[in-house]
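Below: the structure, in structure tokens.
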Amino acid sequence: MDLVIRGARVVDGTGAASYRADVGVTDGRITAISREGGERLTGRRLLDAAGLALSPGFIDMHAHSDLALLRDPDHSAKAAQGVTLEVLGQDGLSYAPVDDRTLAEVRRAITGWNGDGSDIDFDWRTVGEYLDRLDRSHGGRGIAVNAAYLIPQGTVRMLAVGWDDRAATPEELARMKQLVAEGMEQGAVGMSSGLTYTPGMYAGDAELTELCRVVASYGGYYCPHHRSYGAGALEAYEEMVGLTRDAGCALHLAHATMNFGVNKGRAPELLTLLDEALDAGADISLDTYPYTPGCTTLVALLPSWASEGGPEAVMARLRDDGTAEKIRHHLEVIGSDGCHGVPMEWDTIEISGVADPALAEFVGRRLDGWTTARRLLLDDRLGSTILQHVGHEENVRAIMRHRVHTGGSDGILQGVKPHPRAYGTFPHYLGHYARELGVLSLEETVAHLTSRPAARLRLADRGLVREGYRADLVLFDPDTVAAGSTFEAPRTLPTGIPHVLIDGSFVIEEGKRTDVLAGRAIRRT
């Protein structure tokens with residue numbers, strides 16, 4: 001065998017009790033598992049795993065590395081956590097499928113998530129071409145970790161309808177269905193939506209149902225950032241459950257939280273809703289990050305009517321004093337749909353990043369009101385990112401215990417002070433919530449981060465430590481694994497994860513990033 005990992009505590013991803021074993025790897029696959037007391041495996045290389053747990057590689061079900069994987073061959077933000085696969089194309093906005101017009105628009109719209117892309121050669125337009133570009137990145141060597149892709153419904157609507165707040169015509173709906181079908185045929189695993197982001201939020205349920213029927217016909221799943229995580233959150237979850245039931249489509253709820261003061265202690269209501277749907281035969285899963293604050297762009301908080309027409313129209317409205325006053329009234333008095341229907345509490349908004357370095361003084365500051373927010377939106381040309389301190393720890397813990405829960409970082413890698421979840425989600429689950437708090441056992445936690453997401457993605461040979469499976473593996477110390485990232489130092493790498501392998505190749509070795517680029521685009525099959 002190429003490699004024998006000797007004497008590891010195997011946490012195999014099933015949720016069953018761990019066990020001691022030697023694990024052999026040949027040609028990128030697990031070829032032998034010999035439990036303690038059985039045959040001693042031998043190979044060309046031996047790795048002593050005494051004191052270490054061996055698990056499948058972690059799957060980040062909600063990632064925003066769409067451009068980061070292209071610009072950064074190191075990508076230690078995820079590789080050092082033990083992440084071996086990320087799911088891109090989230091929240092209904094990404095860079096394929098596009099034409100020249102929509103590419104420029106979407107680059108502008110999500111500058112806060114991924115940068116403006118001025119350092120990227122956007123030499124693709126279709127989903128298939130984007131996946132091909134991942135494979136031939138960095139001189140044809142590939143990418144740091146594997147990546148799957150969701151068709152972004154907002155980008156699709158941008159292509160077919162534009163930025164208008166109206167129902168699609170029959171011809172436009174047919175065009176959107178065609179684009180979704182083409183994306184699925186080219187390898188996407190499903191479709192995402194951002195239903196508090198424009199222009200995707202302008203789609204009604206009938207339109208979304210028709211698109212989900214296309215996704216379902218290819219065996220994919222629908223991953224909505226639904227219409228509210230604040231006021232009306234439970235109704236928004238009900239809407240997605242009913243919509244996908246009507247479409248016959250699998251549902252994966254993105255960053256499934258219950259935030260803002262109106263939802264304190266209400267996670268059990270969400271879980272009851274999901275249990276009733278699951279017991280009735282629905283195919284549902286969800287992901288969460290193990291932190292209370294959220295993270296998005298500052299412009300995303302504006303009411304939907306203020307964002308109609310695209311980024312330049314937003315800027316024009318912000319410049320006009322009368323319209324800006326209407327925006328303030330919606331934010332502070334009515335409760336903007338962009339802010340989940342909850343009247344704005346400015347002191348919950350912390351600036352985490354700016355597009356213009358000249359505005360760096362704002363990073364780390366809480367906003368003191370609309371005047372400052374408006375100025376920043378205009379001066380930074382809508383490129384600012386924020387942390388929104390509106391979560392509840394009891395809700396976070398209750399949801400992560402659920403039987404269909406998986407892990408997703410929702411990690412935005414841009415900005416001077418990004419959310420620590422980008423660098424810390426998976427070791428934080430293992431160290432803080434499993435070891436320190438005992439919210440889940442180690443075996444349960446690993447199952448949430450490996451086999452469950454692999455099952456949602458329909459990966460036949462990933463997500464378990466099992467003979468014949470690909471050797472996407474993580475070796476970590478269960479006694480010391482921890483997130484290094486904090487809100488004060490968010491780019492600090494984790495501790496206690498000395499080795500990470502993708503297809504049997506070390507991407508992290510002795511705690512250091514190697515120069516191996518073993519990641520590839522994972523296409524729906």
Side-chain angles (χ1 to χ4, degrees), residues 91-93 108-113 154 163 165 194-202 225-233 235-236 255 257-264 292-355 359 362-392 412 415 419:
D91 294 327
L93 291 167
R108 179 76 180 279
I110 54 175
T111 292
W113 293 356
W163 291 81
D165 184 0
L195 300 179
T196 65
Y197 300 130
T198 55
M201 70 190 303
Y202 299 141
H225 164 129
H226 53 269
R227 298 192 194 275
S228 176
Y229 291 84
E235 292 79 6
H255 38 59
T257 57
M258 294 284 284
N259 287 340
F260 301 90
V262 295
N263 289 317
K264 184 175 176 62
T292 52
C295 179
T296 187
T297 56
L298 182 58
V299 67
L301 304 182
L302 302 186
S304 57
W305 60 262
S307 294
E308 185 177 5
E312 286 304 324
V314 178
M315 294 286 287
R317 292 185 182 104
L318 288 168
R319 292 187 191 101
D320 180 78
D321 289 343
T323 308
E325 173 57 22
K326 286 178 60 181
I327 293 172
R328 183 205 64 78
H329 183 75
H330 271 257
L331 283 167
E332 296 182 352
V333 180
I334 297 173
S336 161
D337 50 3
C339 193
H340 309 278
V342 178
M344 179 61 65
E345 297 176 357
W346 290 110
D347 62 354
T348 67
I349 307 300
E350 177 184 357
I351 303 301
S352 61
V354 290
L359 300 169
F362 286 95
V363 175
R365 283 172 48 183
R366 302 284 182 115
L367 289 180
D368 57 7
W370 168 241
T371 300
T372 303
R374 179 189 178 192
R375 173 189 160 200
L376 186 56
L377 285 163
L378 286 168
D379 290 352
D380 206 26
R381 294 184 60 78
L382 314 182
S384 306
T385 53
I386 62 168
L387 301 180
Q388 197 166 13
H389 296 270
V390 292
H392 305 287
I412 294 174
H419 196 302

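Evaluation of the side-chain contact (heavy atoms from CB on, under 4.5 Å) rule for Asp91 yields His62, His64, Trp113, Tyr197, His225, His255, Asp410 as partners, not counting sequence neighbours. A search for salt bridge (charged side-chain N to carboxylate O under 4.0 Å, His left out) contacts involving Glu308 returns nothing, not counting sequence neighbours. In terms of the salt bridge (charged side-chain N to carboxylate O under 4.0 Å, His left out) criterion, residue partners of Arg374 (sequence neighbours excluded) are, by chain and number, Asp321. By the salt bridge (charged side-chain N to carboxylate O under 4.0 Å, His left out) test, Glu345 is found to be paired with no residue, residues two or more places apart in sequence or in another chain being considered. With sequence neighbours left out, the side-chain contact (heavy atoms from CB on, under 4.5 Å) criterion links Ser228 to Ala236, His340. For the side-chain contact (heavy atoms from CB on, under 4.5 Å) test, residues two or more places apart in sequence or in another chain that qualify with Arg328 are Glu325, Glu332, Trp370. In this structure Thr111 satisfies the side chain to side chain donor-acceptor pair (under 3.5 Å) test with no other residue, sequence neighbours excluded. Contacts of Trp163 classified as ring-ring contact (aromatic ring centres under 6.0 Å, His included), with partners at least two apart in sequence or in another chain: none. Checked against side chain to side chain donor-acceptor pair (under 3.5 Å), Asp347 has no partners two or more places apart in sequence or in another chain. A search for salt bridge (charged side-chain N to carboxylate O under 4.0 Å, His left out) contacts involving Lys264 returns Glu394, not counting sequence neighbours. Evaluation of the side-chain contact (heavy atoms from CB on, under 4.5 Å) rule for Asp380 yields Val354, Ala355, Asp356, Leu359, Leu376, Ser384 as partners, not counting sequence neighbours.
Here the side chain of Arg317 pairs a donor or acceptor atom with the backbone of Ala306 at under 3.5 angstrom.
At a cut-off of 3.5 Å, with distance as the only test, a side-chain donor of Ser352 or Thr385 sits close to an acceptor on the other residue.
The closest side-chain heavy-atom distance from Thr296 to Ile386 is below 4.5 Å.
Put simply, CD on Gln388 and CG on Leu298 are 9.5 Å apart, with the number rounded to the nearest 0.5 Å.
Residue Tyr229 is tested with Val390, Asn263, Thr257, Val342 for a side chain to side chain contact (heavy atoms under 4.5 Å, CB included); the sole match is Thr257.
Identified under the salt bridge (Lys or Arg N to Asp or Glu O under 4.0 Å) test for residues 362-371, with sequence neighbours left out: Glu361-Arg365.
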